[in-house]
Amino acid sequence: MSADRYPTEQPTIVTCGLPYANGDLHIGHLRSLVSADVVNRALNRIGQDSIYVCGSDMHGTPVAVNAAQEGKQPDEFALEWHERFLELFPQFNLSFDNYGHTHDETNTELTLDIVETLEEGGHIYDREIEVAFDPVEEQPLPDRYVEGRCPYCGEPARGDECDEGCGRHLEPGEIEDPVSSITGNPAEYRTRPHKFFRVSAFEDVLEEFLDGLEGTANARNQPRQWIEEGLQDWCITRDIDWGIPYPGEDDLVLYVWVDAPIEYIASTIQYAESLVDEDYDWREPWRGDGHIVHVIGRDIIQHHTVFWPAMLAGSDYNLPRAVCAHGFITIAGKGLSTSRNRAIWAQDYLDEGFAPDLLRYYLTTTGGLQQDIDFSWRKFGDRVNGELVGTLGNFVYRSLLFAHRNYGGTPDVGVSPEVEREIQAACDDLREAINEYNVRNVGLVPVELARFGNEYIQRNEPWHLLEEDPDAAAQVIRDCVQLAKAMAILAEPTLPETAATLWAQLAEDGSPGDATLAESLVAPPSTFEAPSELFEQIEEERLDELSADLADRMDLREEESEEDTIEPARIDFETFQSLDIRTGEILVAEAIEGADELVRLEVDIGSEVRQVVAGLKPYYELDELSGQTVVVLTNLEAAEIFGVESDGMVLAAGTDAKLLTTVEPADPGERIR
RNA sequence: AGCGGGAUGGGAUAGCCAGGAGAUUCCGGCGGGCUCAUAACCCGCAGAUCGGUGGUUCAAAUCCACCUCCCGCUACCA
């Protein structure tokens, strides 16, 4: 890999994964959005020509499904979310140079253009595949409209992905035992022509691409395994009516993952078109010598390191220079769950009245980009109070206040060699950090400089020097003012709002977002007003409250899901009578291979011996099970679990499956009444 | 079970890709200092055989193999 270090002469494009227009954004999404924003701003600070573009992902079956549930048209539904995103982004200081959406004209046209290019290049072919169909509704069942079993690992899976088992992307027609996820009707397969993209032909291209790919290690390593296992061609059409229609095919639309990443290009084009005074050639980054940097969640690595580069290569566009795949966010060690409201919602955070910079700082500096990070209000508060308030905010405030009181602004002397070296070192650190896409260090650099600043001012005690040695005092404060100015520039990527405030306090014109590192050694104006505090301390009680509220909310949901409350709905006696519950004796108990908890039981229920599957492995030794008297619900409909038929249900109590038995010995087959 | 991530002083993390003096920083603890500053800031001390075992190497937290545990996504607790 031999790409030039930033800053380069060529333009760079930074993108984040497209927010999906079907729901509210939470801190998980923000991690993508903010990290990419930080990368873009940091590149600009070190003098790299870089823009940040993205857009909403409007297509795909989840939007179609959710829109239908709300009785809306998909475009109307998705557009509403898109608009909400647009309102939210500025509140987190996400500085998109352009933010479009995949359903707009630019993206639609470009997508069709790219698909045609791929066709002309012979990269697309027709193949008859079996598609799940709902025979009752006479409706095709693409992607998540169908559920069934993964052909590779046997796990239950969605139509487009084995989301529960091996994680493989599934091609239409691959899934076994398909059932409509809408009606529950068993689906049947019908043969139907679809379009396939010859991804397999790009193996060499992709391997070379991965060898040179910058960004996080997971984005380089994970796809290597997929390539080793052999690349599958990729079905790029679907039988729904929400999406970009496939050219020349009336009843097919493009798979959402085709037009989604193309939005990265389309958004760049829109940016170029939006400029009035200057020229921007979008072709330079995408087809010329520029650079593309993708910031994504680690769940969409495959799309950005296999499908997308293959598409780009097949239609003569540049491949990305870097893919930065960040980890997930957990709360109290548990994964976010939107359906269970287990998340910190972006809007809720703002409603709490916290400055966006605080969350930006926390999300980008808590762990490495690739690492999963755990969110807690306590840790959030510690970082804010310690590093932002105590170290950075305090240094700037004490310095500027001292300078203003005693000199009316910047003392009229030069910066000392020691401080100049220190500032330059910090600038070097920022350059180094962004060249490694290390957003954590990007955010820590200004705080570390402030640490030095605090040590420096403490060591020199200008408050004493004021009378003892006025020249020396002026020197020290001059140095501190310069350090503060450098911090404004260095902090701008992560803390843009704070940096702008500081910039104004120094009476600087414009914005630190227009400055480059070189300016960090240029003296600020000789006069400025008294500063105000950059950050507010978060009270301990406040943190306690927030923590308690969050814990309550998550605990509540736990209880609900555990059904801890007594079921209020009464049933009549007849309903009870309809349950055929009998004693049984376990004859055989053996583990089901490949399953974590499942045990296959043969249970004698008097008149016959039943095979029953139960999740007992973690709680019992298998050989102590045989011979046990248990209680069996015998007229439960049979089901196949993990590929094993289960005819009946062994009753057990609690989450750790304490088996029910009788107090007195009982023969198999005695009815429970 | 699959895929992914992790295991470093009490807690949280850096370093590991490009191996080299018993190891970063923050919080917490203890002791001092300062008083310009948002009870902030500065200095010092205590505290880790870098999950385990083996291997490669003159040298491993860093490379390789195996193992154990933790976590996330999802699932099979009928």
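Within every chain, numbering begins at 1; the chains are lettered A, B, ... in the order of the sequence lines, protein sequences first and strands thereafter.
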Q: Using atom P in both nucleotides, what's the gap between B/U24 and B/U8 to the nearest angstrom?
A: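 Roughly 16 Å separates the two P atoms.
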Q: Got a sec, which residues hit side-chain contact (heavy atoms from CB on, under 4.5 Å) with A/R582, two or more places apart in sequence or on another chain?
A: A/D580, A/T634, A/R671
Q: Is there a donor in the side chain of A/D479 and an acceptor in the side chain of A/Q475, or the other way round, less than 3.5 Å apart?
A: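 A/Q475 and A/D479 do have a side-chain donor-acceptor pair below 3.5 Å.
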Q: Taking A/T583 for its side chain and A/V631 for its backbone only, find out whether a donor-acceptor pair lies under 3.5 Å.
A: no
Q: Please state the P separation for the pair B/C77 and B/A48 - nearest whole angstrom.
A: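 It works out to 47 Å between them.
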Q: For B/A7 versus B/A75, give the span between their P atoms, rounded off to a whole number of Å.
A: 28 Å
Q: Show me, range against range, the stems involving RNA chain B, built from at least 3 consecutive Watson-Crick or G-U pairs below 3.5 Å.
A: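 Stems found: B:2-7 with B:68-73, B:10-12 with B:25-27, B:29-33 with B:41-45, B:51-55 with B:63-67.
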Q: Within the sub-3.5 Å range, which N or O atoms of nucleotides 26-34 of chain B have a protein N or O partner, and how far apart are they?
A:
residue	atom	partner	partner atom	Å
B/G33	N2	A/Q458	NE2	2.9

Q: Between A/R298 and A/H326, is there a donor-acceptor pair closer than 3.5 Å when you use the side chain of the first and the backbone of the second?
A: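 No, the answer is negative, given that no donor and acceptor are paired below the 3.5 Å cut-off.
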Q: According to side-chain hydrogen bond (donor to acceptor under 3.5 Å, both in side chains), who are the partners of A/R31, at least two apart in sequence or on a separate chain?
A: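 Partners of A/R31 under the side-chain hydrogen bond (donor to acceptor under 3.5 Å, both in side chains) test: none.
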Q: Please check this pair: side chain of A/D357 against backbone of A/T498, looking for a donor-acceptor N/O pair closer than 3.5 Å.
A: yes
Q: Just to confirm, is there a sub-4.0 Å distance from OP1 or OP2 of B/U38 to any side-chain nitrogen or oxygen of A/Y397?
A: yes
Q: What integer number of Å spans the P atoms of B/U49 and B/A61?
A: 13 Å
Q: Mind checking the P distance from B/G51 to B/C43? Whole angstroms is fine.
A: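 Rounded to whole Å, the distance is 30 Å.
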Q: Quick check on RNA chain B: between A/N218 and A/V650, whose nearest nucleotide comes earlier from the 5' end?
A: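 Of the two residues, A/N218 wins.
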Q: Holding to side-chain contact (heavy atoms from CB on, under 4.5 Å), I want the full list of residues that pass it with A/P493, two or more places apart in sequence or in another chain.
A: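 A/V38, A/R41, A/A42, A/R45, A/V442.
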Q: With no hydrogens and no angle check, just 3.5 Å: does a side-chain donor-acceptor pair link A/E418 and A/Y456?
A: no
Q: Do any of residues 472-481 of chain A sit with a heavy atom less than 4.0 Å from RNA chain B, and if so which?
A: none
